[in-house]
Amino acid sequence: MTSGNMPMPWLEGLNAAQKDAVLKTDGAVLMLAGAGTGKTRALTTRLAHILITGKAWPSQVLTVTFTNKAAREMRERAEAILSSPTEGWWLGTFHSLALRILRKHAEAVGLRTGFTILDSDDQLRLIKQLMDLEGLDQKRWAPRALLAIISRWKDRGLEHDKITKAQDSEFANGMAKNIYASYQDRLRILNAADFGDLILHCLTLFKKNPEILLSYQEKFRYILVDEYQDTNVAQYLWLRALAGSSGNIACVGDDDQSIYGWRGAEVDNILRFEKDYPGAEVIRLEANYRSTVHILGAADSIINQNANRLGKTLYAATKEQGDKVQVATHWSGEDEARAVVEQVEDLQRKGLPLKEMAILVRASFLMRGFEERFLETGVPYRVIGGPRFYERQEIRDALAYLRVIYQSDDDLAFERIYNTPRRGLGPSTLKTISTYGRAQNVSLYRASQELLTTDDLSTGVSKKLAGFVAQVETWKTAASSTDHVSLAEMVFEESGYTQMWQQAKTADAPARLENLKELLTAMAEFESLQQFLEHVSLVLDALESDTEDKVTLMTLHGAKGLEFKSVWLPAWEEGVFPSQRTLDESGVKGLEEERRLAYVGITRAREHLFISNAGNRRIHGRLADSIPSRFISELSNDHVEVQEGQGIGSYLGFRSIGESTFGSNSFERDDSYNTPGWKRARSFSRSGSATPQRDVEAKGNWMTSESAHDFQIGERVFHQKFGYGEIADFDGNKLFISFTSAGDKKVLASFVQRASEV
DNA sequence: CTCGGCAGAATTTTT
DNA sequence: TTCTGCCGAG
């Protein structure tokens with residue numbers, strides 16, 4: 001390299017392995033990067049290095065991530081190093097990059113320009129329609145399961161005509177394959193593609209048009225891939241096609257963090273990298289800059305139980321031994337939540353900010369107990385997860401309106417909104433429209449227009465439908481003379497959609513209105529409605545503020561890539577974690593994936609880690625006995641400390657953690673009136689200052705907090721999470737409220753407001 | 001067409 | 001326990 005003496009300030013602070021990963025730009029490179037080893041930094045620096053040293057132009061480097069968030073982060077870091085904007089770069093998620101290619105060659109794969117992208121909701125509705133058509137009983141065969149089967153086929157790069165007997169599924173006696181075929185037919189007619197198609201269509205495009213593939217192979221002189229362990233077969237083939245034979249491809253991944261096998265990810269892709277790219281360089285990043293010795297030791301003791309791995313040992317970059325991992329057994333799930341929240345408050349008292357703490361659970365139903373406890377004690381928390389922004393009902397409805405205006409033959413969008421808000425048009429009218437449409441081979445919207453000129457509809461229905469069509473026509477006209485944001489505002493208003501939510505008396509209505517506003521903000525960043533619609537389903541993300549000081553509550557899956565100073569991993573019980581269902585469905589392979597999930601959870605912690613289980617847990621409303629997870633016994637004794645004072649004894653089968661005594665049982669329901677949270681809540685309600693609140697609902701006028709004696713028994717009140725209810729009793733600053741849908745709860749007075757004031 | 005009441009199911013979900 | 005989807009009454 002001629003640049004041997006050139007100063008390279010961007011390499012500063014990297015360790016030897018990281019520098020290696022940056023400097024070996026040519027040929028295939030696999031970076032095996034353990035948790036917390038600075039892989040994103042290495043990858044971004046590599047990208048910057050290629051550009052700064054002039055090895056390629058930005059347009060000649062393909063950088064692939066899995067999430068928008070990761071893409072955004074890489075962009076920001078690259079911008080910081082290069083101090084130049086990254087617009088136009090080929091840096092993005094698999095799906096957005098594939099879409100970018102497809103938009104240029106839509107006709108080559110049987111789509112027309114401006115094709116729409118289906119999300120899971122659209123997909124499911126289509127599947128249901130097709131199952132109806134085939135006369136399949138949806139009680140016997142779950143549409144969701146069928147959709148999953150088809151999606152997995154797509155993940156494996158299989159088109160419907162490639163499904164062999166061996167790959168066919170038991171589903172409805174082999175009907176899955178047929179429905180897959182008709183599903184693809186429908187998509188083509190609708191001029192739509194689902195997420196899987198974005199990759200799959202690219203593969204078809206490359207296969208059928210070698211010259212197009214060649215042009216991309218020549219264009220992309222370097223390829224960089226993040227989270228390689230999560231790629232599915234289709235994505236793997238996509239990358240291989242683009243890398244061509246010369247293949248300057250660098251992939252970063254960690255086989256130990258592969259936790260999306262159930263979604264089609266193939267750990268095999270990473271395991272066989274060296275075979276795919278002969279002469280590939282393998283670089284191991286093993287210096288962990290995140291966690292203490294004990295935490296890494298615990299993580300290692302778990303992941304070591306897996307047989308199928310490339311093998312890599314994380315060592316702590318720090319000498320800091322830190323605290324041992326705290327392991328505790330609780331009587332019940334409620335006790336566990338109580339204990340965890342107490343620990344949270346304890347650490348907060350010692351000066352640790354809440355945003356440095358996280359509770360990571362296996363499944364979202366486990367969150368409830370913690371949420372309730374947080375609400376009761378007044379500890380601010382945020383839930384991460386739940387439906388993605390663009391998957392929310394109100395967002396999808398709003399988008400459907402815009403799609404009907406922009407592309408009136410979008411039948412899925414039409415179906416979605418033609419009776420939302422209620423206009424007295426139901427399934428039977430839809431049936432008439434769609435029968436007509438199918439006969440005349442026109443879209444639902446067109447069919448509606450034509451039907452209005454006939455007398456096939458009753459006068460009442462005809463009038464309502466005519467009103468709706470006329471409205472859409474007005475908006476279409478307005479679209480040419482109004483900017484897209486104002487148009488959207490106008491549509492939401494005139495359609496009565498905003499009003500529908502304003503009048504809704506459900507607890508989440510205010511948040512939904514807030515989301516609609518956020519949607520408008522997001523739209524403003526695009527130049528036109530068309531541009532916005534083309535990208536919205538791939539790019540739109542809820543903006544979450546991580547500046548507020550709140551405890552994070554999320555699933556283990558959601559936590560990948562994040563880190564916190566203190567982490568709690570509750571509900572380590574057989575059947576819950578590892579999940580019984582995974583064990584049943586995927587056996588040892590599933591168990592190993594669960595174990596990797598445990599590994600991911602542990603390695604999120606920088607300084608404090610708490611692992612716990614409960615002997616009794618409410619699952620589906622039923623109280624179930626449970627024994628501690630086998631993962632607890634896999635933790636190395638050297639790095640673990642069994643917490644005294646809240647255990648319930650080893651009779652539950654808590655077998656292998658040394659001979660530690662569990663201390664005396666203390667089942668005392670220690671009253672919650674002494675905790676910092678309660679005191680805080682009390683001062684809040686006096687001063688009326690910021691009150692803890694579930695994040696999504698944090699914007700509203702509820703801040704005018706009340707204290708308990710402002711209320712009367714029997715009064716109707718509103719609570720942001722639980723909705724409407726009636727006050728049954730007081731207790732200090734807490735109210736016992738009987739909620740209409742959420743049942744009886746004890747909540748802080750500062751959380752509720754008079755129903756009449758909502 | 002709409003609303004209310006009951007039966008049945010119930011992970012994880014980067015796009 | 002809690003949500004969804006279906007069926008029957010108004």
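Sequence lines set the chain letters: A, B, ... in the order given, protein chains first and strands last, and positions in each chain run from 1. The structure displayed is predicted, hence computed values, not measured ones.
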Give L198(A) one of three labels, base, sugar-phosphate or nothing, depending on what nucleic acid heavy atoms sit under 4.0 Å from its own.
-> nothing

Report yes if a side-chain nitrogen or oxygen of S364(A) is closer than 4.0 Å to either non-bridging phosphate oxygen (OP1 or OP2) of dT12(B); otherwise report no.
-> yes

Does R144(A) have a side-chain nitrogen or oxygen under 4.0 Å from the phosphate oxygens OP1 or OP2 of dT4(C)?
-> no

Return no unless some side-chain N or O of T429(A) is found under 4.0 Å from OP1 or OP2 of dC1(B).
-> yes

Contact check, side chains of F577(A) and L556(A), non-hydrogen atoms, under 4.5 Å | yes

Look at the side chain of R263(A) against the base of dT13(B) and say whether a donor-acceptor pair falls under 3.5 Å; ignore hydrogens and angles.
-> yes

Determine yes or no for a side-chain-to-main-chain donor-acceptor pair under 3.5 angstrom, with D255(A) supplying the side chain and Q229(A) the backbone.
-> no

Under 3.5 Å, side chain of R618(A) to main-chain N/O of G333(A), donor-acceptor pair present?
-> no

Between dT14(B) (P) and D254(A) (CG): distance, integer Å | 20 Å

R388(A) side-chain proximity, nearest of dT11(B), dT13(B), dT2(C) = dT13(B)

Tell me what R618(A) touches on the nucleic acid: a base, only sugar-phosphate, or nothing, going by heavy atoms under 4.0 Å.
-> nothing

Indicate whether OP1 or OP2 belonging to dT14(B) is found under 4.0 Å from a side-chain N or O atom of N68(A).
-> no

Verify whether the ring centers belonging to Y236(A) and W238(A) lie closer than 6.0 Å.
-> no

Test item: R100(A) side-chain N/O and G92(A) main-chain N/O as donor-acceptor pair under 3.5 Å = no

Nucleotide of dT15(B), dC1(B), dT14(B) approaching F195(A) most closely (side-chain heavy atoms) | dT15(B)

Round to the nearest Å and state the distance from F468(A) atom CZ to dC1(B) atom C1'.
-> 17 Å

Protein N or O to nucleotides 6-9 of chain B N or O, pairs below 3.5 Å:
none

Listed nucleotide nearest any side-chain atom of S579(A), set dT11(B), dC3(B), dC6(C) | dT11(B)

Using the rule for Phe, Tyr, His and the six-membered ring of Trp, do W262(A) and dT12(B) stack at under 5.5 Å and under 30°?
-> yes

What's the spacing between L187(A) CG and Y183(A) OH if we round to 0.5 Å?
-> 4.5 Å

Distance-only, no hydrogens or angles: does the N232(A) side chain make a donor-acceptor pair with backbone N or O of G264(A) under 3.5 Å?
-> no

Among dT15(B), dT13(B), dC6(C), the one nearest Y260(A) by side-chain distance | dT13(B)

Does any N or O in the side chain of D456(A) come within less than 3.5 Å of the main-chain N or O of L451(A), such that one atom is a donor and the other an acceptor?
-> no

Between dT15(B), dC6(C), dT14(B), spot the one nearest the side chain of F66(A), thanks.
-> dT14(B)

For atom CD1 of I127(A) and atom P of dG5(C), their distance in whole Å = 15 Å

Starting from P on dG5(C), measure out to CH2 on W141(A) and report it in whole angstrom.
-> 20 Å

Just by modelled atom types, is the V600(A) backbone N or O under 3.5 Å from a matching donor or acceptor in the T603(A) side chain?
-> yes

Do the side-chain N or O atoms of T67(A) get closer than 4.0 angstrom to the phosphate oxygens (OP1, OP2) of dT15(B)?
-> no

dT15(B), dC6(C), dT13(B): which one has an atom nearest the side-chain heavy atoms of H557(A)?
-> dT13(B)

Using a heavy-atom distance cut-off of less than 4.0 Å, which residues of residues 93-102 of chain A contact DNA chain B?
-> T93(A), H95(A)

Under 3.5 Å donor-acceptor, Q235(A) side chain and I199(A) backbone = no

Which of these nucleotides, dT2(B), dT12(B), dT1(C), is closest to any side-chain atom of H620(A)?
-> dT1(C)

If only side-chain N and O atoms of K69(A) are considered, is one of them under 4.0 Å from the OP1 or OP2 phosphate oxygen of dT15(B)?
-> no

When R581(A) and Y418(A) are each assigned the nearest nucleotide of DNA chain B, the 5'-most assignment goes to Y418(A)

Using a 4.0 Å heavy-atom cut-off across all strands, classify K128(A) as base, sugar-phosphate, or nothing.
-> sugar-phosphate

Nearest to side-chain heavy atoms of S428(A), which nucleotide of dT14(B), dT11(B), dC1(B) | dC1(B)

What do you reckon, is CZ of R144(A) surrounded by more than 12 foreign heavy atoms closer than 6.0 Å?
-> no

Flag yes if more than 12 heavy atoms outside K463(A) fall under 6.0 Å of its NZ atom; otherwise flag no.
-> no

Compare the minimum distances between each of dC1(B), dT2(C), dT11(B) and the side chain of R362(A), then state the nucleotide with the smallest one.
-> dT11(B)

Whole angstrom is fine here: how far is it from CE in M500(A) over to P in dT2(B)?
-> 13 Å

Whole-Å distance, I117(A) CD1 to dT15(B) P, equals 13 Å

Does a nitrogen or oxygen in the side chain of N232(A) sit under 4.0 Å from OP1 or OP2 of dT15(B)?
-> no

Whole-Å gap separating P (dT2(C)) and CD (E371(A)) = 13 Å

L425(A) CG to dC1(B) C1', straight-line distance once rounded to whole Å = 10 Å

Among dC3(B), dT15(B), dT11(B), find the nucleotide with the atom closest to the side chain of Y390(A).
-> dT15(B)

